[in-house]
> 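This is the structure I have questions about; it appears just below.
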Amino acid sequence: MEAKLSFFVHLVRYARGRSPWLFHLNCGGCNGCDIEFLACLTPRYDVEQLGIRLEGSPRHADILCVSGPVTRNTQAALQTIYAQMPAPKVVVAIGSCPASGNVFADSPSVVGPLEKFIPVDVYVPGCPPRPNAILEGIANAIEQLKTKPVTGIGGKSHA
Amino acid sequence: MSYTIPIGPYHPALEEPYKLELECEGENVREAHLQIGFNFRAIELIAQSRNIIQNIALFERVCGICSNVHTLTYCLALENLLGIEPSLRAQYIRVIVAELERLHSHILWAGAAAHILGFQTLFMTCFRLREVVMDLLETISGNRVNYAMNAIGGVNRDLTDPQTIRDGVRQIQKAVEGQLLPIFTNDPTVRARCAGVGILTKANAIAWGAVGPTARASGVAQDIRQAQPYLVYDRFEFSVPVQESGDVLARILVRALEMVESCQIIEQALEQMPSGQWKGQLFVELPPGEAVARIEAPRGEVFYYIASDGSEKPLRVKVRTPSFVNMPTVRLMLKGATLADAPLIQASIDPCYSCTDR
Amino acid sequence: MPSWFALLIFPGFLYAVPMGWLMLWLERKILARLQSRIGPPFYQPFFDFIKLMTKEPLRRASGEDIFYLLLPLLALGATVGSLTLLPILPSSASAVGDLVLFVALVEVAPICLVLLGFLSRSIFGQVGAIREATLTIATNLPFITALIALAYASGSLRLMEIASNAPLATRAIALLALLFCLPIKLRLNPFSVANAEQEIYQGALTELDGWRLGLWELTHAVEWVALSGLIASLAVPWRSGQAILDAILFALLSLVLVVVLTVIAGATARLKLLQASRFYWRWGFGLALLALVVSLFL
Amino acid sequence: MSIWEILAENLRQGVVTLRYPQRVPPPARYRGLVQIELEDCVGCASCAYVCVSAAIHVTEERETFCWSYDPAKCTFCGRCVDACPTSALQMQAECPPIYHCAGALAVTYTRAYPRCEGCGKPFKVATQILRQRAYTEVSGEVETLLRLCPVCRQKEAIKSMVEARRIKEATR
């Protein structure tokens with residue numbers, strides 16, 4: 001029984017590591033990180049080589065990629081979308097903006113940084129980071145995703 | 001059955017948060033409401049609390065796609081206020097970077113349009129081509145998106161390798177003429193989606209004050225680079241592509257032809273570029289007064305106004321971006337269109353919400 | 001051949017599920033190669049499935065989950081059921097009128113998807129459901145007409161007899177018409193409006209998460225096998241008699257169809273709902289009608 | 001080219017993707033983390049003046065000054081490097097590393113002011129680069145003077161002035 005369970009847990013962890021789906025969220029950034037994120041999908045970088053798919057619905061996603069300093073108007077949507085993602089989930093903050101607010105830190109309409117609202121697992125520094133750095137950040141997030149607890153269909157948790 | 005379908009603020013087709021509420025009748029759009037402001041970062045306000053050198057980097061982050069446009073216009077306005085003129089070589093470098101940025105912006109847009117059309121292969125083709133421009137810009141400036149090239153009275157980095165740029169630009173011109181133009185104009189599925197969709201008439205384009213490629217696709221021949229040349233644009237031979245039909249296809253064509261013109265401007269600039277001083281200077285104070293500058297960004301006219309009271313910080317910086325004036329035309333184009341056309345039509349003006357919201 | 005073998009082993013679950021995953025992977029991989037990309041690693045859909053099944057889904061109203069569980073399972077069962085009717089092996093169970101049964105079973109999955117879209121109560125799900133329903137109707141006219149042409153030409157409603165008796169001309173035209181219908185049934189470009197990501201998120205699937213989505217992905221994989229299998233099994237008139245050889249030929253033919261469909265999907269933009277319907281009513285139906293006329297006069 | 005030709009061309013060319021973790025190396029001008037050569041820093045805070053996102057702070061204590069830099073706030077614009085009068089700042093031509101909690105990459109360097117050779121009090125000293133810029137030739141006498149704090153330098157100047165006057169009066 002124990003051996004079967006551990007095989008199951010290993011399989012799930014392995015599958016998670018090979019099938020992370022992304023959802024991308026721009027929290028009021030300048031587009032710079034977003035176009036570099038988009039560039040990750042394209043032939044030169046191709047995130048699909050890591051088994052990644054960019055999803056249109058947060059309900060399908062495992063990794064939330066956030067760019068932008070979190071403006072007053074996007075904050076509610078950010079929290080809703082994070083809540084809509086089923087566990088296990090990890091958050092990647094792309095660029096300086098979600099980490100600190102960057103040049104907008106003292107703006108009255110910026111409420112960030114991101115970690116005030118949702119837990120952040122990986123920071124990718126840069127303004128904007130190169131696509132290969134974003135890939136590295138996502139690969140790092142995948143490693144974190146694997147370590148999250150495994151729950152069976154019955155909802156039981158296997159550490 | 002009538003229903004309201006919200007597109008955004010977070011939507012797979014859009015890079016930026018904004019909301020388009022479509023009142024639909026079946027698949028047909030009856031009315032469209034646009035809601036912006038998700039990107040509002042109060043840049044104009046925080047610019048008043050920063051000194052003029054800090055503001056160069058701040059305005060670069062108004063928009064990540066046309067970052068160079070904003071610093072260029074800001075620096076031009078500052079130079080007008082200071083009454084100085086950058087050296088000739090600096091002006092040529094600025095032109096080359098500005099045109100490379102136009103190339104990158106238009107290719108990005110073509111890719112985004114293909115993405116919205118659901119044409120993944122074309123999207124990938126465009127983005128593969130875009131990497132050529134990005135590599136050039138990264139080699140020149142040290143960053144793929146925020147180039148930090150402009151300084152007051154000059155540029156921050158010299159162009160050291162004109163041959164690489166020439167090769168890259170030729171490769172882009174060949175690909176635009178050989179791949180993008182024929183597919184966008186001849187491919188049956190693309191034509192079926194773009195031709196005759198989202199028409200903006202010339203009268204409407206003028207009445208609603210459209211600028212840039214959106215206006216030029218509706219037959220309004222207007223380009224600041226020719227109407228009121230800045231930098232050294234009066235030294236180049238180039239034409240301004242104009243289309244009459246005013247539909248999505250026309251806007252695609254205008255941008256594709258503009259890319260070819262940009263390639264030619266860059267080649268001419270590399271040919272003519274003199275040697276000499278290029279470095280900017282560190283100004284810490286402005287004379288009291290006001291100044292404006294306007295240039296032709298990839299999306300249309302960008303306008304900057306600066307007022308100073310003689311201190312190190314500007315009293316007011318006002319930015320007017322092209323997307324802001326182009327956006328209301330989307331409502332005209334959307335009426336009577338189908339739901340499937342809506343994302344394409346709104347994307348066809350190449351809207352930049354982070355520019356607009358600031 | 002006992003029917004439990006057909007249902008559970010070949011061409012049922014044991015064959016259909018891995019084959020469906022292989023097809024989904026092949027589709028993504030070929031598309032990637034056509035775009036000069038690497039594409040997903042081998043057996044990607046299998047890992048996607050395992051991952052989706054073990055996610056912690058968000059809590060829904062208690063009555064809803066029964067639908068999220070039953071509808072995909074119903075669709076899955078019906079699609080596997082339709083697969084067992086295909087005349088792959090000489091020994092395949094073939095009953096009178098199994099063509100009609102096949103059509104009925106293959107339609108269960110789209111209907112379930114439409115229901116899922118409506119049940120999700122999301123506007124995107126509902127628009128996706130409406131689009132799916134419209135397309136199903138648009139494509140069924142040529143689909144059924146082509147099958148009628150085949151049945152008429154071979155004088156039987158038995159799939160096995162159609163496979164062995166249909167005359168070449170009718171068979172070719174009718175199968176082409178059937179091939180026309182596949183992109184819409186598998187929601188591929190240029191007829192993927194029903195799940196047009198750029199317009200309505202994931203259409204009917206927008207609100208599904210975790211195992212609710214995983215079950216549907218599984219159904220979708222089996223749909224690939226069943227629909228490409230229909231054409232693959234009707235394309236070749238002779239059977240070797242060797243069960244293994246026939247099965248391999250069938251599998252290979254199905255994979256060739258995946259390649260063809262993927263290349264078409266990679267070379268086209270997405271058409272609008274009206275354009276897609278018009279295409280089917282005009283060209284798809286025209287072709288199927290031609291097959292019918294040919295079968296009447298030859 | 002039609003789309004079919006492009007597809008065929010893509011197939012013929014094969015995969016252009018860089019297999020992760022392969023990558024295009026950053027160009028020589030790449031703007032990565034800002035690095036300081038503490039020896040050359042004079043603590044003038046020009047970098048902090050031009051920094052738009054307050055990533056660089058220079059704080060002065062009585063005996064030391066601190067130069068602190070937080071890459072999480074940095075916009076990587078390179079203004080600080082251009083503004084540095086002594087070229088003490090450089091940008092790494094390498095992507096900054098991924099990190100896991102905010103502020104993990106922040107650095108603070110503290111430099112003690114050298115002590116005056118006369119009175120022993122700490123004072124801001126001109127670095128080699130500044131000295132060379134100010135004086136075409138740094139003579140031994142200037143070198144000795146620069147090792148003194150401004151107060152001692154004044155004293156020294158008065159002393160030499162008194163001395164000069166004494167010699168002048170003696171020779172008269």
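Naming: A, B, ... by sequence-line order, numbering from 1 per chain.
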> Would you say that more than 12 heavy atoms from the other residues, nucleotides or ligands in this model lie under 6.0 Å from the NE2 of B:H33, or not?
yes
> Kindly check if the number of other-residue, nucleotide or ligand heavy atoms within 6.0 Å of NZ (B:K318) is above 12?
yes
> Write down the atom of A:I35, the atom of B:G64, and the distance for their closest heavy-atom approach.
CD1-O, 3.9 Å
> Can you see which heavy atom on B:S49 is nearest to which on A:D106, and at what distance?
OG-OD2, 4.3 Å
> Closest approach of A:N31 and B:S354, non-hydrogen atoms and distance?
ND2-OG, 3.4 Å
> Are A:Y45 and B:E131 close enough, and set up right, to give a side chain to side chain contact (heavy atoms under 4.5 Å, CB included), and what steps lead you there?
CA-CA 10 Å; A:Y45 305 101; B:E131 286 298 315; 3.2 Å; yes
> Salt-bridge test for B:R128 and A:D46: reply yes if a basic N is under 4.0 Å from a carboxylate O, no otherwise.
no
> Report, by ascending residue number, the residues of residues 120-131 of chain A in heavy-atom contact with chain B at a distance under 4.5 Å; give 'none' if the set is empty.
A:C127, A:P128, A:R130, A:P131
> Report yes or no: does A:N73 contribute a side-chain atom to a donor-acceptor pair with the main-chain N or O of B:G37 at less than 3.5 Å?
yes
> Determine, step by step, whether A:L38 and B:R130 satisfy the side chain to side chain contact (heavy atoms under 4.5 Å, CB included) criterion, reporting the C-alpha distance in whole Å, the side-chain angles of both residues, the deciding distance to 0.1 Å, and the verdict.
CA-CA 12 Å; A:L38 208 59; B:R130 179 173 164 270; over 6 Å; no
> Locate the shortest heavy-atom distance separating A:R44 from B:D135; write the atom from each residue and the value.
NH2-OD2, 2.5 Å
> Output the option from B:R358, B:R50, B:M134 having the highest count of non-hydrogen pairs under 4.5 Å with chain A.
B:R50
> Look at the side chain of A:S109 and the backbone N and O of B:F40, then say whether any donor-acceptor pair between them is shorter than 3.5 Å.
yes
> Take B:R41 and A:C30 through the test side chain to side chain contact (heavy atoms under 4.5 Å, CB included) and record every step on the way to the result.
CA-CA 10 Å; B:R41 290 151 289 166; A:C30 75; 3.7 Å; yes
> Let me know if B:H70 has heavy atoms under 4.5 Å from chain A in its side chain, its backbone, both or neither.
neither
> Closest approach of B:F127 and A:T42, non-hydrogen atoms and distance?
CB-CG2, 3.0 Å
> Is there a side chain to side chain contact (heavy atoms under 4.5 Å, CB included) between B:N39 and A:N26? Walk through the geometry before answering.
CA-CA 9 Å; B:N39 271 322; A:N26 177 344; 4.1 Å; yes
